[in-house]
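See structure below.
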There are 4 protein chains.
Amino acid sequence: MARTASVANTEHRRAAIVAAMLPVMAHHGYERATIQAIAREAGLTPGLIHYHFKSKQEILVELVKAIMEFARARFERAATNTTRPVERLRAYVDARLGLGAGAAPDMVAAWVMVGAEAVRQPEVRALYEQAIAAELAVLTQLLSQCLAERKRAIDAAPALAAGMVALMEGAFQLSSAAAGVMPAGYAADAAMSFASLSVAAAPRANVFKPSARPAMAVESTKASSL
Amino acid sequence: MARTASVANTEHRRAAIVAAMLPVMAHHGYERATIQAIAREAGLTPGLIHYHFKSKQEILVELVKAIMEFARARFERAATNTTRPVERLRAYVDARLGLGAGAAPDMVAAWVMVGAEAVRQPEVRALYEQAIAAELAVLTQLLSQCLAERKRAIDAAPALAAGMVALMEGAFQLSSAAAGVMPAGYAADAAMSFASLSVAAAPRANVFKPSARPAMAVESTKASSL
Amino acid sequence: MARTASVANTEHRRAAIVAAMLPVMAHHGYERATIQAIAREAGLTPGLIHYHFKSKQEILVELVKAIMEFARARFERAATNTTRPVERLRAYVDARLGLGAGAAPDMVAAWVMVGAEAVRQPEVRALYEQAIAAELAVLTQLLSQCLAERKRAIDAAPALAAGMVALMEGAFQLSSAAAGVMPAGYAADAAMSFASLSVAAAPRANVFKPSARPAMAVESTKASSL
Amino acid sequence: MARTASVANTEHRRAAIVAAMLPVMAHHGYERATIQAIAREAGLTPGLIHYHFKSKQEILVELVKAIMEFARARFERAATNTTRPVERLRAYVDARLGLGAGAAPDMVAAWVMVGAEAVRQPEVRALYEQAIAAELAVLTQLLSQCLAERKRAIDAAPALAAGMVALMEGAFQLSSAAAGVMPAGYAADAAMSFASLSVAAAPRANVFKPSARPAMAVESTKASSL
DNA sequence: AATGAATGAGTGTTCATTCAT
DNA sequence: GATGAATGAACACTCATTCAT
C-alpha cells in the first residue's frame, strides 16, 4: 500500500531495466538492443534509463551478473536435496541444460549474445571469464568428488570439467541458433554420459591394477529437454 | 591481356571483400564491422564494396559460406591419408579443434560472431543451421563407421554427434572469449575421449550378450592445441 | 525558534546555490555547469535548485552580481586606510589583481566564463556592461584625482581608465587560461606602471607650456577603431 | 570550370566548415555552436561535417589555428613597409587592435570564446598558450628593439610585453561584450602609449646615471601575485 | 569499374525543468 | 520546504547506402 522507499524504488527500477534488456538482447543482440527498445520493453521513457544507469554497457554488466547469479541460485536450490556427488553433478547439469534452455530460452539466447560481446568488449570479457572460471571450479569440485568416491585419480577432473563447460556453452549456442537441426534433449544426456564414462575410465588412485570398469550406468541418463 | 576478364576480376574482388570482413568481424562483431573498416582492410574504397555487394548482410552470407567451405576442405585434405574410421574421426576433430583455433583465431572468432548473428537474422540462421546439419551428418557417419567397425549398435550415433558438435562450438566460443581461464589443449582431447568412451560403451549390434569392453584406448588422445 | 525564518532561510539557500555555482562554472563553464553539479557542490538536491531559482540563468545573474559586490567590497575595505589618490589607486589595483587571482582563482575563472556568456546572453551582457562601467567610473575618478593632485589635465582619465580595465580583464583571462606562459606577477606592476607613467606624462592643466614631453610621440597614435 | 581535385575539394570543405564555425561561435559560444548550426551556416548537411572532421573539437582546434595564422599574416603584411622598430610595433598593435575589432568583430568574439574554452579544455588550452606565447615572443622582440634603439636596458621587455598582451586580450573581451560602455578607439592608443612611456622611462643600458625618473615610483610596486 | 563525397536516419547520452510525494 | 524520479528535447556522432563523376 505504502510506496516503497526511494532507494528500494531505484533498485527496483534498475532491476526492471536489466530484466527488460534480457529479452531485447535475446532477440536483437547487444548493438540492436537500443535504449529505446529496452525502455519500451520496461514501459519507461528512454531518458529514465540513463538516470538509473550511466551507460548502456553498465546495464549489460548488470545483466551478466544477474544471469550468473540466476544460474548459481538454481543449482544451489536443486543440489540441496542430496549430498551424493553423482546426484549433485546431475543436479548441476540439469540446472544448466535440463530446464535452462527449455524454461528460459531468452536467458540462454541473451547469454549467447553476452558471449559474443565478451569477444570484443574487455569489461564484458572479464566478467565472462569470471563466470566460466566459476563454472570450471564448481564442476571440477563435483567431478573430483565423483572420482574420489570411486577411488579414482582426480588429476583428470579439470580437463574433464573444461570439456563439459565447452559442451554446455555450445549447447546454449545451438539451442538458440540451430534448434531445428539438433536432436531433442541430447545435451544433458551427452554431458552426463561424458562425465560418467570418463569417471569410470579414470585410473585408480594410487593403485597399480586399474580395472576401468564403468559402474555408473550411462543408461540412467534421460529426459533432458535441451 | 594481362588483366583477367571482368567477371573473374569481380569474383576476385568479392572474395577479397569477404576475406577482409573476417578479421574485422572477429575483432568488432558484425554491427561494428563497418563498410569503411572492411574497405580499409581490403585496400579498397567504400563505394566499391556496394558495387560488388548489394548489402552488408550479403557479405556476411558469403563469409559464412566461405568459412563452411574452408572447414570442409581442411577435413577432406586431412582425411585423405586414411580410410580407418577412427583415424578419420581424429582427423576431423583435429581439423576443427586441433589446428583450427591456434592457426586461425580470427576465423574462430568470426564464426562465434556468425553464431550470434544466427540467433537474430533468419537468413544467417538458415545458413548456420545448414552448417551445423552438415557437421552433424559428417560426424554421425564417422561415428557410425566407428561403431560398425566394433560391431556396436549405431543408434546412439546422432546423439553422440550432437554432443560433439556442441562441445566443438562451445570450444570455439571459449577460445575466443575465455581463453585465459581454460586448460591448454583440452578440447580435442575431450572430444576424442568422449567419442572413444561412448563407442566403447555402446551396446553390441543385434547381440544378446554385451561385454562393454573399452577397446579404443583413451590414452591415445594427445597434444591438441585448442 | 532556533530555525531562522523561512525568508531568511531562503536567502541563505539562494546564496549557497550561487556560491556553489562559482567553482562549478570556473571548472566547466556555464553550459556544463549542470544543475546536478551545482546541487552536489552545494550539498542540496537538484529539485531544490529550481525551487529557489526560476532558471539556471537566474543563478548566473545572481552570481555576476555577487562577484561584482565582492570586488567592490574588497576595494572599499582596502581603501579605507588612506585618502591619498595614488595609494587608493594602488589599493584598487591590488584588490583586483594583486590578491584576486591568487586568492580566488575560481572567482577569476568564473568571471572569465561570465565574460564569455556576456557575449551571447543579452541579460548577462547588460550586467557585465554595468560591471565594466562601474570599474571605469571608479578608475576614472581615481585617476582624475591622481592627475589633479599633480596639476595635470584630467581629460585623459577616461581613456586611461579604459586601458587599465582592458589590462585587468585580459589579466584575468590569461591567469585562467595561460598562466603557464605568463611572467610571474606582471599584471599589477604593469597596471600601476601604466597609470604612473601616463599621469606623469599628462599635460599640465590649463597651462600653455607643456613639459614632460615623451620622446616617442604618443600623439601620433590615432584612428584606431577598437 | 573543371572541378578541383578531390583532395583540394576536401581541403576546401574543411576550410569552409572552419570558416562557418567562426560566426556561429562568435554569436553562440562553443557549446551552442551545434553541428547543425555550423552545417547550416556552411550550407552543408550535418552528416558531412563528421565526414570531414572526427569531432567538433577538431573543428575548434582548426579554427584556433586559423585565427592565429590570420593574425600572424596580417602583421607580416603590415610590417613589410618598415624596419624601424617603433613603426613595426605600431604595425603590430594596429594589426591586432586597430583594424581587427572593427573589421572582424566575429573573429574577435570567436577568439574570446576560444579563450573561455581554453580554461576548461586542455587541448584548447595548449593551443591558446601557444598562441599567447607567440604573441609574447613577438612583442618582446619588438620592444627589445625599441629599447635597444634608444639605448635602454631591455630587461623590462618581457614584463612589458606581458602587460601589452593582457591589455589586448582584455580589449578583445570588452569589444565583444561591453562595447557600449568603452570609449571609442581607446585600445590601440593605450597600448602604444603604454609601450612608448615604458620605453622612455626605462633605465639606460649599462649606464650609471639613469635619467627620466618618473615621479610616481614604479619600483614601489611589488609582491603582486597575478 | 571505381571513387569518395554526400546523405539521412538512427544511436547513446546529457540535462534543464517539472512534479507527485 | 524538500525530494529525487521522471520527462523530452536536444546533442555529437555513426554508418549503410547512394550517386555524380
Side-chain angles (χ1 to χ4, degrees), chain A residues 2-7 9-10 12-14 30-39 44-59, chain B residues 3 6-7 9-10 12-13 30-39 44-59, chain C residues 3 5-7 9-10 12-13 30-39 44-59, chain D residues 2-3 5-7 9-10 12-14 30-39 44-59:
Chain A
R3 249 319 250 285
T4 26
S6 60
V7 170
N9 193 20
T10 285
H12 281 149
R13 276 279 190 262
R14 283 178 63 96
Y30 177 71
E31 293 287 342
R32 299 243 162 151
T34 67
I35 296 289
Q36 284 248 359
I38 296 168
L44 304 173
T45 55
L48 191 54
I49 305 287
H50 276 94
Y51 179 78
H52 291 290
F53 287 90
K54 199 188 63 190
S55 69
K56 182 178 162 186
Q57 197 192 268
E58 193 190 330
I59 316 178
Chain B
R3 267 295 270 279
S6 62
V7 170
N9 193 19
T10 288
H12 281 149
R13 280 278 192 260
Y30 176 70
E31 294 287 341
R32 300 237 161 156
T34 68
I35 296 289
Q36 293 263 354
I38 295 167
L44 303 174
T45 55
L48 194 53
I49 305 288
H50 274 87
Y51 179 83
H52 290 290
F53 288 91
K54 195 189 64 193
S55 69
K56 183 177 158 184
Q57 195 192 286
E58 193 189 328
I59 317 178
Chain C
R3 266 294 267 277
S6 62
V7 171
N9 192 20
T10 288
H12 281 149
R13 279 279 193 259
Y30 175 71
E31 293 287 340
R32 300 237 161 155
T34 69
I35 295 289
Q36 294 261 354
I38 295 167
L44 304 173
T45 54
L48 194 52
I49 305 288
H50 274 89
Y51 180 82
H52 290 291
F53 288 90
K54 193 190 66 193
S55 69
K56 184 178 158 184
Q57 194 193 290
E58 193 189 328
I59 316 177
Chain D
R3 255 308 256 284
S6 60
V7 170
N9 192 21
T10 285
H12 281 149
R13 276 280 190 262
R14 282 178 64 95
Y30 177 71
E31 294 286 342
R32 300 241 162 153
T34 67
I35 296 289
Q36 285 248 359
I38 296 168
L44 305 174
T45 56
L48 190 55
I49 305 289
H50 276 96
Y51 178 79
H52 290 290
F53 287 91
K54 201 187 64 192
S55 69
K56 183 179 159 183
Q57 197 192 268
E58 193 189 331
I59 315 178

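The sequence lines fix the lettering, A, B, ..., with proteins before strands; numbering per chain opens at 1. Note that the coordinates shown come from a computational prediction; the quantities given were computed from them, not determined experimentally. Both backbone and side-chain heavy atoms feed into the values below; hydrogens, waters and symmetry mates do not.
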Touch class at under 4.0 angstrom, heavy-atom based, for A33(C) against every strand present: sugar-phosphate
Rounded off to whole Å, could you give me the [atom1]-to-[atom2] distance for the [X] and [N] pair?
{"X": "H50(C)", "N": "dT18(E)", "atom1": "NE2", "atom2": "P", "answer": "6 Å"}
{"X": "Y30(A)", "N": "dT11(E)", "atom1": "OH", "atom2": "P", "answer": "14 Å"}
{"X": "E31(A)", "N": "dC15(F)", "atom1": "CD", "atom2": "P", "answer": "8 Å"}
{"X": "H12(D)", "N": "dG4(E)", "atom1": "NE2", "atom2": "C1'", "answer": "17 Å"}
{"X": "I35(D)", "N": "dG12(E)", "atom1": "CD1", "atom2": "P", "answer": "20 Å"}
{"X": "Q36(B)", "N": "dT14(F)", "atom1": "CD", "atom2": "P", "answer": "11 Å"}
{"X": "R32(C)", "N": "dA16(E)", "atom1": "CZ", "atom2": "C1'", "answer": "15 Å"}
{"X": "N9(D)", "N": "dA20(F)", "atom1": "CG", "atom2": "P", "answer": "16 Å"}

Under-4.0 Å side-chain N/O to phosphate OP1/OP2 contact, T10(B) with dA1(E): yes
Distance test, side-chain N/O of R13(A) to OP1/OP2 of dA6(F), below 4.0 Å: yes
Contiguous Watson-Crick or G-U pair runs (3 or more, under 3.5 Å) in DNA chain E: E:2-21 with F:2-21
Heavy atoms from other residues, nucleotides or ligands near CD of Q57(B) exceed 12 (cutoff 6.0 Å):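 Yes, the 6.0 Å shell around CD holds more than 12 heavy atoms from other groups.
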Side chains of residues 44-52 of chain D: which donor-acceptor partners sit under 3.5 Å, not counting sequence neighbours?
none

Partner set under salt bridge (Lys or Arg N to Asp or Glu O under 4.0 Å) for E31(D), not counting sequence neighbours: R32(C), R120(D)
Interface polar pairs with nucleotides 7-9 of chain E, N/O, under 3.5 angstrom:
{"residue": "dT7(E)", "atom": "OP2", "partner": "T45(D)", "partner atom": "OG1", "Å": "2.5"}

Nearest non-hydrogen partners of Y30(A) and K56(A), listed with the distance: O-NZ, 2.7 Å
Strand-adjacent residues in residues 52-59 of chain B, judged by heavy atoms under 4.0 Å from DNA chain E: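 Only H52(B) qualify.
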